[in-house]
Amino acid sequence: MSHSEKATLFNKDEAKVNWHDKALWFVREKRDTAAHKVKGWEELRNLASGIKANVLSNLDEYLIEFEEKAKKNGIKVHWASNAEEHNKIVHKILVDNKAKKVVKSKSMLTEECHLNPYLEAKGIEVIDTDLGERIVQLAKEPPSHIVLPAIHKTKEEVDELFQEHLGTKPSNGNPEYLTNEARKHLRDKFIKADAAITGVNFAVAETGGIVVCTNEGNADMGAHLAKTHIASMGIEKIIPKEEHLGVFLRLLARSATGQPITTYSSHFNTPAPGTEMHIVIVDNGRTEQLSRADFRSSLSCIRCGACMNTCPIYRRSGGHSYDATIPGPIGSILSPGKDLTKHSSLPFASTLCGSCSDVCPVKINIHEQLYKWRQLIVKDVKQPFVKKVILKTTGWLMARPKLFNLLGKSGRFMLKYAPRFMVYSKLNAWGKSRELPTIEKENFNQWYKNRSKNG
Amino acid sequence: MKVGLFIPCYINQLYPQVAIATLELLEKLGVDVYYPANQTCCGQPLGNSGYEEDAKGACQVFVENFKQYDYIVGPSGSCIYHIKKHFDILEQTQEVINVRNNAYELCEFIVKVLDKKIEGASFPHKVGLHKSCHGLRGLKLGSCSERMDAHFSTEELLLNQVKGLELMPLNRKDECCGFGGTFSVFEEAISVKMGKDRIQDHLDNGVEVITGADHSCLMHLEGLLNRNNQPIKVMHIAEILNNSI
């Protein structure tokens with residue numbers, strides 16, 4: 001199904017759309033307030049954008065530097081060229097360490113690689129420990145937002161889900177009660193876990209260490225309790241120096257949720273005595289995206305989700321309408337790079353309003369890349385015949401002023417005199433919920449000619 | 001100073017009153033205005049749909065029509081933005097470069113180039129300003145709510161010069177209305193919902209007339225208002241600025 005078809009379904013429940021829109025707009029406004037408190041916010045964005053551009057231009061060197069330093073710190077480093085390799089590597093580490101129970105903190109990369117079903121099929125229990133992630137895991141759904149994975153669920157829906165899976169009492173969606181129950185449930189999983197998987201927010205080339213940001217401390221709880229810690233990262237997560245965290249940590253949480261900083265910004269530099277730490281560095285299509293001049297800066301993304309919160313289409317269509325690991329504006333420029341045909345409707349799920357590019361903490365020109373993808377899609381992916389013919393013919397007519405004007409005149413004549421049932425037929429998507437403009441007796445061309453004659 | 005008047009195709013056919021107001025306003029401001037008769041379209045609908053290659057002919061016609069003028073002025077931010085931003089598909093001859101540099105949205109032209117005040121205009125109504133995205137974020141006609149820049153707005157500056165006009169605050173100052181060209185038909189459900197939400201904001205704030213510098217957004221909002229019989233009128237900013245006692 002295309003984005004517009006899924007969005008149409010989501011819009012059948014207008015009250016829910018309103019609620020979804022308001023919840024995310026609230027986060028967007030919190031972000032505005034937080035950003036306003038930072039003097040030189042726009043300069044900070046420039047800096048972040050510059051650092052990331054440097055990283056993308058020197059990625060090979062930084063990755064090797066990072067690997068060297070990490071190894072010196074006693075971390076085992078693995079390289080995976082795609083999702084399958086990543087999953088195999090993670091599985092082998094778990095087998096080698098006789099790990100049967102795994103706790104996982106938030107990681108969009110492992111979502112992208114579909115790690116959970118892979119490990120579960122091999123008899124390993126994987127528990128997502130971020131509360132939102134756990135909710136969607138119990139509901140057997142993918143996350144609908146990269147920072148707020150269960151934002152599409154109301155607290156009443158979570159209440160029912162917990163009753164079914166965690167044996168909680170009906171609470172009318174009492175958030176405090178439900179969170180406490182989730183906490184008890186997750187504590188038990190943490191204590192029994194053999195291994196912990198985390199994502200990586202930043203990998204520092206100069207130190208070989210990684211930084212993981214969470215609000216719930218679940219990455220720390222997992223990594224500190226289990227014997228084995230596996231951190232999965234995309235190749236683009238590198239930053240050159242530790243001091244650059246001063247730029248990115250300030251931007252990340254403010255952009256994401258309007259907090260000055262995430263509750264936990266955890267630095268993992270070396271395994272604790274008696275434990276193992278592994279880092280899996282994954283490509284999975286990233287070098288290909290890097291090779292596309294118009295789209296390479298999409299790899300600067302630090303996964304804050306601000307573009308989703310500000311996007312008027314995302315807020316009213318829900319994350320699942322994008323049918324991609326990363327939804328929203330940033331997902332709509334990343335996903336076509338992975339599978340152009342499958343994701344060909346996404347770059348069109350935008351009015352090109354540009355708000356995404358303005359909130360982006362690393363200044364990715366998202367709306368301009370959406371425009372660029374559109375140009376490629378109509379060439380490479382089969383388009384509906386009628387749409388294609390209409391647009392191509394229009395282009396031809398626009399280059400022929402006399403014909404174009406004639407067509408305009410006849411169009412006006414038709415709209416003015418054709419009966420309503422003909423104008424507002426099923427073919428007229430505009431007229432389903434909107435009136436067409438009333439037609440004046442002459443167009444401006446005619447008016448101007450008459451004026452010149454009389455004047 | 002010779003100014004070429006650019007009237008976007010849909011305004012020519014569907015909203016001649018907007019074109020007339022633009023012309024009269026510029027003339028009142030003492031500008032020497034010419035209207036090249038052979039103009040068609042800037043090619044924006046094709047570009048935004050992915051068919052910019054097929055719009056090259058239209059872009060060329062545009063350049064031919066307007067290359068002789070010192071400035072090109074039009075009452076539609078998104079069309080002007082398209083000329084400035086996306087005429088990069090043509091070979092960049094001096095003529096093309098000039099046309100791109102000299103194209104101005106009407107309000108921006110009055111404020112930045114003419115640097116004149118609107119005198120004698122009167123419009124004693126409660127007005128809500130719709131800040132169209134391509135004008136706001138593309139042409140930078142004003143500061144937008146997600147950036148931390150100092151507040152300014154070209155359209156507000158002009159509207160505040162109109163006697164009796166009361167500019168109403170909105171809850172969401174610059175959210176997109178959902179028109180988006182062909183988006184309005186290919187993503188019909190979201191487009192309509194976005195438009196309805198914008199209108200509700202204006203209704204909640206006691207607006208009598210919605211105005212803006214891009215009539216395509218206003219056409220979308222007007223279509224919804226008329227279908228739902230809602231008590232708000234829609235007028236292009238040129239019509240308000242040209243409105244005298």
Side-chain angles (χ1 to χ4, degrees), chain A residues 3-4 7-8 11 14 17 21 25 28 32 35-36 38 41-42 310 312-313 316-317 348-355 357-359 371 374-378 391-392 394-401 404-405 408-409 411-412 429-430 432-437 439-440 442-445 447-448, chain B residues 7 9 11-17 19-20 23 35 37-41 43 45-55 57-58 60-61 133-134 137-138 144-149 172 175-176 178-180 183-190 192-195 197 219-220 222-224 226-227:
Chain A
H3 177 272
S4 69
T8 305
N11 272 262
E14 191 171 2
V17 175
D21 166 62
W25 182 257
R28 152 72 211 270
D32 292 349
H36 268 294
V38 177
W41 174 263
E42 299 301 334
T310 202
I313 287 103
R316 291 176 182 82
S317 63
F348 294 92
S350 163
T351 55
L352 306 178
C353 82
S355 185
S357 305
D358 273 349
V359 293
Y371 182 91
R374 292 181 184 188
Q375 312 306 320
L376 294 181
I377 285 164
V378 302
L391 286 164
K392 283 196 172 273
T394 309
W396 186 83
L397 283 163
M398 282 172 178
R400 287 158 183 81
F404 188 72
N405 200 22
K409 271 192 203 160
R412 289 177 64 252
W430 174 276
K432 204 174 143 201
S433 303
R434 284 166 292 214
E435 289 296 302
L436 285 152
I439 304 296
E440 304 291 329
E442 53 185 8
N443 65 18
F444 180 69
N445 274 351
W447 180 90
Y448 189 80
Chain B
I7 297 302
C9 44
I11 292 184
N12 175 34
Q13 300 297 353
L14 303 173
Y15 296 98
Q17 71 275 23
I20 295 167
L23 175 64
Y35 178 65
N38 279 333
Q39 51 187 293
T40 57
C41 169
L46 295 184
N48 287 354
S49 307
Y51 290 89
E52 69 175 9
E53 276 298 315
D54 294 286
Q60 229 111 37
V61 167
C133 305
H134 285 80
R137 300 188 180 88
C144 58
S145 60
E146 65 267 2
R147 284 181 57 101
M148 304 301 128
D149 309 318
R172 297 188 187 180
E175 190 177 40
C176 177
F179 171 66
F183 178 89
S184 62
V185 287
F186 294 120
E187 285 268 8
E188 194 264 349
I190 299 284
V192 165
K193 178 64 181 146
M194 285 166 72
D197 289 355
M219 170 169 76
H220 164 64
E222 184 186 56
L224 286 163
N226 288 347
R227 175 62 58 90

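What you see below is based on every heavy atom in this structure, not just the backbone, and it leaves out hydrogens, waters and symmetry mates. Lettering of chains follows the sequences in order, A, B, ..., and the numbering in each one begins at 1.
- When each of B/Gly43, B/Ala37, B/Gly195, B/Ser145 is checked for heavy-atom pairs under 4.5 Å with chain A, B/Ser145 comes out on top.
- Between chain B and the residues A/Asp32, A/Ile439, A/Asn445, the largest count of heavy-atom pairs under 4.5 Å involves A/Asn445.
- At a 4.5 Å heavy-atom cutoff, the contact between A/Tyr448 and chain B is made by side-chain atoms alone.
- Your options are B/Glu53, B/Arg172, B/Met194, B/Glu188, and the one with the most heavy-atom pairs under 4.5 Å with chain A is B/Arg172.
- Ranked by heavy-atom pairs under 4.5 Å with chain A, the first of B/Val61, B/Leu46, B/Leu14 is B/Leu46.
- In this structure, chain B has no heavy atom under 4.5 Å from any part of A/Leu436.
- Side chain of B/Asn226 to main chain of A/Glu435: no donor-acceptor pair is present (N/O by atom type, distance under 3.5 Å, no hydrogens or angles).
- In this structure, chain A has a heavy atom under 4.5 Å from the side chain of B/Ile7, while its backbone stays farther away.
- Side-chain atoms of A/Arg374 come within 3.5 Å of backbone N or O of B/Asn48 as a donor-acceptor pair.
- Side-chain atoms of B/Arg147 and A/Ser355 form no donor-acceptor pair, as typed in the model, at a separation below 3.5 Å.
- Put simply, of A/Gly411, A/Ser357, A/Gly395, the one with the most heavy-atom pairs under 4.5 Å next to chain B is A/Gly395.
- Using a 4.5 Å cut-off between heavy atoms, B/Ala19 touches chain A through backbone and side chain atoms alike.
- Only the side chain of A/Val17 comes within contact range of chain B, judged by heavy atoms closer than 4.5 Å.
- Contact annotation for A/Asn11: only side-chain heavy atoms (C-beta onward) come within less than 4.5 Å of a heavy atom of chain B.
- With a threshold of 4.5 angstrom between heavy atoms, B/Glu175 approaches chain A through side-chain atoms but not through N, CA, C or O.
- Between the B/Gln60 side chain and the A/Ala399 main chain, no donor and acceptor come within less than 3.5 Å of each other.
- Looking at A/Arg412, the atoms closer than 4.5 Å to chain B (heavy atoms on both sides) all sit in the side chain, from C-beta outward.
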_Steps toward side chain to side chain contact (heavy atoms under 4.5 Å, CB included) verdict (A/Ile313, B/Phe183)_ = CA-CA 11 Å; A/Ile313 287 103; B/Phe183 178 89; 3.6 Å; yes

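- Ranking A/Leu352, A/Val38, A/Val359 against chain B, the residue ahead of the rest is A/Leu352, based on heavy-atom pairs under 4.5 Å.
- Interatomic distance, A/Asn443 CG to A/Lys409 NZ, rounded to the nearest 0.5 Å: 6.5 Å.
- How far CZ of A/Arg28 is from OG1 of A/Thr310: 4.0 Å, rounded to the nearest 0.5 Å.
- Residues A/Phe444 and B/Tyr15 place their aromatic rings such that the two centres sit no closer than 6.0 Å.
- Heavy-atom pairs under 4.5 Å with chain B peak, among A/Pro312, A/Ala35, A/Ser433, at A/Ser433.
- Counting heavy-atom pairs closer than 4.5 Å to chain A, the top-ranked of the candidates B/Asp149, B/Ile20, B/Leu23, B/Asp197 is B/Ile20.
- For A/Ser350, the part lying near chain B is the backbone, with the side chain staying farther off; criterion is any non-hydrogen pair under 4.5 Å.
- A side-chain donor-acceptor contact under 3.5 Å links B/Arg227 to the backbone of A/Lys432.
- Note: A/Trp430 and B/His220 have perpendicular aromatic rings, judged against thresholds of 30 and 60 degrees for the angle between ring planes.
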